[in-house]
Protein chains: 2
Amino acid sequence: MSQVRVLLVDDDHLMRAGLAGLLTIDPSLEVVAQAATGAEAIVLTRRYRPDVVLMDVQMPGLDGIAATQQLVAEIPEVRVLILTTFELDDYVFGALRAGASGFVLKRTRPEDLIAAVHTVADGEALLSPSVTRRVIDRMAQQPMPRLSGTSVLETLTPREREVLGYLAQGLSNREIADALVVEESTVRTHVKHVLNKLGLRDRIQAVIFSYENGINEPRQ
Amino acid sequence: MSQVRVLLVDDDHLMRAGLAGLLTIDPSLEVVAQAATGAEAIVLTRRYRPDVVLMDVQMPGLDGIAATQQLVAEIPEVRVLILTTFELDDYVFGALRAGASGFVLKRTRPEDLIAAVHTVADGEALLSPSVTRRVIDRMAQQPMPRLSGTSVLETLTPREREVLGYLAQGLSNREIADALVVEESTVRTHVKHVLNKLGLRDRIQAVIFSYENGINEPRQ
DNA sequence: ATAGATGTCCCCCGCACGGGGGATTGGTGG
DNA sequence: CCACCAATCCCCCGTGCGGGGGACATCTAT
């Protein structure tokens, strides 16, 4: 793999700019898109199909770990490299549980970061040396926790879950608006949020999601 | 049942006015509300709980057949009497599949229309004489299409069943076209036929139909 | 006190979709 | 031979939908 397509995900645009500039040192790396939130990362990953997603853990809304979980579940080919400032246990293990391919600290030297991107792009796993110790320690005592431990549904607000219920029944925005006694524009907003948070393309995918996840039970 | 409560549904307000006036000839009929769209019909049916819904087929937005389907599914007690100007096959069978109790032409004489309302209010089914012919014709060659049966699927051509399979997976017309290696316009035609034959509003309802009828099996 | 989350509502824009036609080619059956 | 169906493709047209924004009020937690 010569050319590696990279998606940057960080809520701080200065950090994104810095990373983008840093990665352009290597001409075989191409930053195809940048996202400021986890939800945006999912949308952009679907659109641009990057080889590697450089993902910050700390973000408002859908955080890096939840986003990673959804990304990997939907697009297994994508490699997620987690970036963080501190080496917090929760982040490390949460990220690996979610299916991340690697985990590097932001204070890593530029050339090492570039090397890390290439490593995960090649399908290898990668951990910052200072992190490796923690991982093998914990691996020894604990079995690997389940992938779907925390439901994506929990990222939805109560109202959004309600809207998803109506989406699952195939109702239009107008019909949902009538049912909830709000404006259609409000329903549109809720629907947008539901689709973004769940990483779904459109309301049709929401129907399928509902059946596949038991929100809709096929009546016989 | 002495007093019959009626909901009028027609996008043409002149037609509604005409029907309303016509029905007031019979003091045992009471027009409790009027709707201009299918969606409105559903809302008003919830609110006013009419005995009979006099429903036009041709309406912008949610058409009479789709509205009937939802109405009957949600409120089985309500009797839907379909009104139309022309006796088109798609309308007739789509409406009956959707759960309509009757089907009358707008050119029916006033006293016959009033009689029709009373008939369906009593729980009987009713068809305009000119429509009955078509129904028994079709009955002769194939069993009455019904909601729960798989017989409706047999009205689809092989290609249409194939398209339904892709619809069930939530694919767009473009994606189905690529899968079948035909033009998108061809897929559009197939999709139209599938929706018409199954009496479905849109591809979203097709997804739901597929799950409810075992075309899609929810995994796990 | 300030920030964040939530719910409500608004705008513009472009595209996919479904309904309304119609046309052509190849079979198949009466 | 002719009628019919199935499958393929075309047009126009209106609208529903999703993405991109933003605005405002309320409430909660820091």
Side-chain angles (χ1 to χ4, degrees), chain A residues 11 33 35-37 39-40 42-44 46-48 58-63 154-164 166-167 170-178 180-207, chain B residues 11 37-39 57-66 86 88-91 94 141 154-164 166-167 170-178 180-207:
Chain A
D11 59 329
T37 66
E40 204 182 335
I42 292 173
V43 175
L44 293 178
R46 193 177 294 111
R47 190 176 302 158
Y48 292 103
Q58 286 170 309
M59 281 184 298
L62 191 61
D63 67 52
E154 291 165 19
T155 67
L156 299 183
T157 69
R159 199 55 156 175
E160 287 163 356
R161 269 189 290 271
E162 203 175 352
V163 169
L164 175 59
Y166 286 108
L167 280 177
L171 299 192
S172 68
N173 290 330
R174 179 69 260 155
E175 289 164 342
I176 298 174
D178 289 340
L180 295 179
V181 199
V182 294
E183 287 306 305
E184 188 179 334
S185 61
T186 303
V187 175
R188 286 180 181 276
T189 302
H190 288 317
V191 169
K192 288 177 199 175
H193 292 161
V194 169
L195 295 182
N196 273 324
K197 285 186 178 178
L198 298 185
L200 302 171
R201 175 171 59 174
D202 52 34
R203 62 208 302 115
I204 301 180
Q205 301 299 325
V207 172
Chain B
D11 59 316
T37 66
V57 258
Q58 285 170 310
M59 280 184 300
L62 190 61
D63 69 51
I65 293 176
F86 313 103
L88 300 174
D89 277 330
D90 284 342
Y91 286 154
Q141 47 181 320
E154 291 162 19
T155 68
L156 300 182
T157 70
R159 199 55 155 175
E160 286 163 357
R161 268 190 292 272
E162 204 176 349
V163 169
L164 176 58
Y166 286 109
L167 281 178
L171 300 192
S172 68
N173 289 331
R174 180 68 260 159
E175 290 165 341
I176 298 175
D178 289 341
L180 296 180
V181 199
V182 294
E183 287 306 304
E184 187 178 335
S185 61
T186 304
V187 175
R188 286 179 182 277
T189 302
H190 288 317
V191 169
K192 287 176 198 175
H193 292 160
V194 169
L195 296 182
N196 272 324
K197 286 186 178 178
L198 299 185
L200 302 171
R201 172 171 56 168
D202 51 34
R203 60 208 303 113
I204 301 180
Q205 300 299 324
V207 172

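Computed over heavy atoms, backbone and side chain alike; hydrogens, waters and symmetry mates excluded. Here is the naming used below: chain letters follow the sequence lines, and residue numbers restart at 1 for every chain. Keep in mind that what you see is a predicted model, and the values were worked out from it rather than measured.
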Can you check the A:D202 CG to D:dT15 P distance for me, whole Å? 21 Å

In whole angstroms, how far is the P atom of D:dG16 from the CG atom of A:D178? 12 Å

Would you kindly compare A:I204 and A:K192 by the position of their nearest DNA chain C nucleotide and give the one closer to the 5′ end? A:K192

From the list D:dG19, C:dG7, D:dC9, which nucleotide is the closest neighbour of the side chain of A:H190? C:dG7

I need the CG-P distance between B:L156 and D:dC5, as an integer number of Å. 15 Å

D:dC9 base / B:T189 side chain donor-acceptor hit below 3.5 Å: yes

Taken to the nearest whole Å, CD/A:E160 to C1'/C:dT6 is 8 Å

Of the nucleotides D:dG20, D:dA6, C:dT8, which has the atom closest to the A:R47 side chain? D:dG20

Thinking salt bridges, do A:E175 and A:R203 make one under a 4.0 Å N-O criterion? no

How many Å lie between CG on A:L167 and P on D:dG16, as a whole number? 16 Å

Under 3.5 Å, is there an N or O donor on one side and an acceptor on the other linking the side chain of A:R188 and the base of D:dG18? yes

Taking only side-chain N and O atoms of B:N173, does any of them lie within less than 4.0 angstrom of OP1 or OP2 on C:dA16? no

Contacts of B:E183 and A:R201 projected onto DNA chain D by closest heavy atom; the upstream (5') one is B:E183

